[in-house]
Amino acid sequence: MKDPVGGNQKRARFQALCQSLRPDLLRFAFWLSRDRALAEDVVQETMLRAWKSQDSLQDEGSAKPWLLTIIRREYARTFERKRFVTLDVDELISKEEPTLAAADDEDLAELRVAIFKLPDEYREPLVLQVLMGYSTAEIAAELGLTNAAVLTRLFRARKQLRALCGEDTRMDPEISVDSQE
Amino acid sequence: MMDCDQYRRAILADPHGVSAEMRSHVAGCHDCTQYTERVQRFEDKLDRALRVDIAPGARVRGLRGLRTRLARSPRRRRRWLAAAASLLLACVVAGSLWLVAPGSSLAADVVNHMAEEPDAWARTDVPVPQPQLDAVFGESHMRLKADAGLVTYASSCLFRGHQVPHLVVQTTTGPVTVMVLTHETTRGQQRFNDQGYQGVIEAVPGHGSLAVLERGSAFDERTIEAVIAQVQSAIDWTS
C-alpha cells in the first residue's frame with residue numbers, strides 16, 4: 001500500500017535538496033557552457049530529469065555528484081542537438097560580461113575572462129576541483145580519465161591561468177612533453 | 001626524494017592535496033615555501049572567481065521563450081517585437097537590480113540557516129547529553145569527543161543537501177554557533193558580517209570547513225579562534 005504522507009514528505013525533502021544545491025549546479029553549468037541562459041536551461045532540464053527518477057537516488061549525500069552527472073549528460077545532449085559551430089570566445093565573453101564582472105575587484109573579472117579562455121578539457125576538471133570540491137579520483141571517475149591525466153590537466157589549467165593573469169610565472173615548472181594524458 | 005620541479009608541479013595541480021612527501025620537501029626549501037604562498041593566494045582568488053553571482057534567470061529565460069514564440073508565429077512578429085522591447089527594458093532594469101544583489105555564498109547560507117533555529121542561541125549552562133551528541137554527529141559519520149567545551153545545543157540539520165552537525169558552544173563572551181561542513185571545501189579563512197551575525201568560515205584540510213559565528217556585536221576574534229581549535233580537535237572525523 002502506498003504511503004501518501006511519506007511520499008509527500010520525501011518529495012518535499014527532495015525539492016528542498018535540489019533547491020539548496022541549485023546555485024552551485026548553476027555555477028558549474030555556467031562554467032561548463034560559458035553561457036548563462038544555456039546553463040539555466042540545462043539545470044532546469046536536469047532538475048526535471050532528477051525529479052522523474054528521484055527514486056533512484058538512495059542516499060542524499062550522493063545527490064550532488066548524481067545531479068552533476070545529469071548536468072554533464074544534459075549539456076552534451078544540448079550540444080549535440082544544437083550542433084554548435086566553433087565558438088568565438090571573445091563573443092562569449094562580451095555576451096556574459098555582466099556575469100563575469102566583479103564590481104569590487106577588477107582582478108577577479110580578469111581571472112574570470114581567463115577561465116573562459118581555457119580549453120574545455122582544462123576548465124572542467126578545474127571547476128570540479130575548486131568549485132565542487134571534487135578529489136582527483138572523483139574527477140577522474142566523472143570524466144573517465146586516469147588520476148595522472150587529471151593532475152596534468154589541472155597543472156596545465158593553473159599554469160595557463162597564471163600566465164593569462166600576469167602572475168609571476170618564473171618559478172613555474174615547464175609543461176613536459178611526456179606529461180601523462 | 002622529491003625535487004623542486006616535482007613539488008611545484010604537484011602543488012599547482014592540487015594546492016590542497018599536500019602529501020607527506022611534499023610537506024617534507026617544502027619544509028626544507030625556502031623557494032618552494034615562497035612559491036606555495038603565491039600559489040595559495042592565487043587559489044583563493046580562483047575560488048572567488050568561480051563563485052559568480054547566479055540569480056534566478058527570469059531575465060534571460062523570458063527572452064529566450066519569446067524568441068521561440070516569435071519564430072513560431074511570423075504574422076504576429078511586429079506585435080511581439082513591441083512586447084519584446086518592453087520586456088527587454090524590464091529585463092535590463094531587473095538585470096541591473098540583480099547585479100547589485102548579493103549572491104548566494106556559503107556564509108550567506110549559514111546566516112540564513114541561523115534564522116531557522118533562533119532558540120539555539122539561548123544562554124544556558126545545561127550541556128547536551130553525550131548520547132544526543134553521538135546521534136547528531138553519527139548522522140554525518142563523525143563523533144564529538146567530550147573536550148569540545150560546554151555544548152548546549154546540538155542538531156543535525158539539512159544544509160545544502162547534506163546533514164551537518166549544528167552546535168552551540170557557550171563561552172565567556174556568550175554563545176558561539178558552529179556548523180561542521182564536511183562537504184564544503186573552502187580556502188583559508190573567510191570572515192563575514194551579515195544580518196547581525198559575525199564569524200568565519202575556516203577551512204579544515206581534508207574535512208571541508210567549519211562555520212563559527214556569534215550574534216550581534218559580540219565578535220571576539222580570540223573566542224572564535226579558541227572555539228575553532230577546541231571543536232576541531234574534539235571531532236573524530238572518521239568515526
Side-chain angles (χ1 to χ4, degrees), chain A residues 13 16-18 20-24 26-27 30-31 36-37 39-41 44 60-61 63-64 67 98-103 105 107-112 114-115 126-127 129-136 150-159 161-162 165 167-168 171-174 176 179, chain B residues 4-17 31-32 34-35 38-39 41-43 45-61 63-64 95-96 98-100 103-106 108-109 140-141 158-163 182-187 206 208-209:
Chain A
R13 203 173 160 89
L17 178 68
C18 288
S20 68
L21 293 173
R22 198 171 186 277
D24 270 351
L26 207 44
R27 286 188 187 103
F30 172 73
W31 288 114
R36 201 166 77 88
E40 289 187 3
D41 284 350
Q44 190 69 21
E60 281 185 3
K64 197 165 168 177
L67 288 165
T99 308
L100 300 175
D105 193 339
D107 285 355
L108 224 53
E110 187 191 24
L111 180 51
R112 285 172 179 167
I115 299 168
L126 187 72
V127 174
Q129 186 191 52
V130 182
L131 183 67
M132 309 304 280
Y134 271 41
S135 67
T136 304
V150 169
L151 289 171
T152 299
R153 289 183 185 197
L154 290 167
F155 160 70
R156 291 180 174 183
R158 285 194 177 84
K159 192 170 159 63
L161 282 182
R162 285 162 58 76
C165 292
E167 293 279 315
D168 182 358
M171 287 167 83
D172 282 6
E174 289 305 313
S176 59
S179 291
Chain B
C4 292
D5 204 55
Q6 289 168 324
Y7 173 82
R8 290 175 200 174
R9 190 174 292 278
I11 198 82
L12 217 48
D14 187 359
H16 297 279
D31 283 352
C32 285
Q34 281 191 331
Y35 184 75
R38 283 212 294 270
V39 169
R41 272 199 299 275
F42 186 75
E43 196 62 14
K45 207 162 83 174
L46 180 59
D47 185 58
R48 282 188 290 132
L50 288 172
R51 293 183 193 282
V52 286
D53 284 349
I54 297 283
R59 172 178 64 143
V60 182
R61 178 167 294 281
L63 209 55
R64 284 167 68 82
S96 311
W98 168 68
L99 281 175
V100 297
S104 168
S105 67
L106 177 57
D109 288 347
S140 306
H141 311 290
L158 184 64
F159 180 78
R160 290 186 158 197
H162 298 280
Q163 291 300 136
T182 53
H183 298 92
E184 301 292 344
T185 308
T186 60
R187 307 286 184 264
S209 53

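Chain naming here is simple, since letters A, B, ... match the order of the sequence lines and numbering starts at 1 in each.
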Does some side-chain heavy atom of B:R8 sit less than 4.5 Å from a side-chain heavy atom of A:M171?
yes
Using a 4.5 Å cut-off on heavy atoms from C-beta on, say whether the side chain of B:H183 contacts that of A:K64.
no
Which region of A:S135, side chain (C-beta onward) or backbone (N, CA, C, O), has a non-hydrogen atom less than 4.5 Å from a non-hydrogen atom of chain B, or is it both or neither?
neither
Taking side chain as everything from C-beta outward and backbone as N, CA, C, O, which of these in B:Q163 sits under 4.5 Å from a heavy atom of chain A? Side chain, backbone, both or neither.
side chain
Does B:L46 reach the side chain of A:R158, with side-chain heavy atoms less than 4.5 Å apart?
yes
When rounded to the nearest 0.5 Å, the distance separating OH of B:Y35 from CG of A:D168 is 9.5 Å
Taking the side chain as every heavy atom from C-beta outward, state whether A:L111 and B:R48 have any pair of such atoms under 4.5 Å apart.
no
State the CG-CG distance between A:L108 and B:D47, to the nearest 0.5 angstrom.
10.0 Å
Contact between B:R51 and A:D24 at the side-chain level, heavy atoms closer than 4.5 Å - yes or no?
yes
Between the side chain of A:R27 and the main-chain N/O of B:L50, is any donor-acceptor distance below 3.5 Å?
no
Measuring heavy-atom distances to chain B, does A:L100 have an atom under 4.5 Å in its side chain, in its backbone, in both, or in neither?
neither
A:L161 and B:F42 have their tightest heavy-atom pair at CB-CZ, 3.9 Å
Using a cut-off of under 4.5 Å for heavy-atom pairs, which of A:L21, A:L126, A:L151, A:D172 has the most such pairs with chain B?
A:D172
Are B:H16 and A:Q129 close enough that some pair of their side-chain heavy atoms sits under 4.5 Å apart?
no
Side chain, backbone, both or neither of A:L131 within contact of chain B (heavy atoms, under 4.5 Å):
both
Options B:A10, B:S140, B:C32, B:P15, ranked by heavy-atom pairs under 4.5 Å with chain A, top entry:
B:P15
Proximal component of A:I115, with respect to chain B [non-hydrogen, under 4.5 Å]
side chain
What distance separates A:R156 CZ from B:L12 CG, expressed to the nearest 0.5 Å?
12.5 Å
Taking all atoms of both residues into account, what is the closest heavy-atom pair of A:P173 and B:D5, and its distance?
CB-OD1, 3.1 Å
Distance, nearest 0.5 Å, that separates CZ of B:R9 from CD of A:E174:
8.5 Å
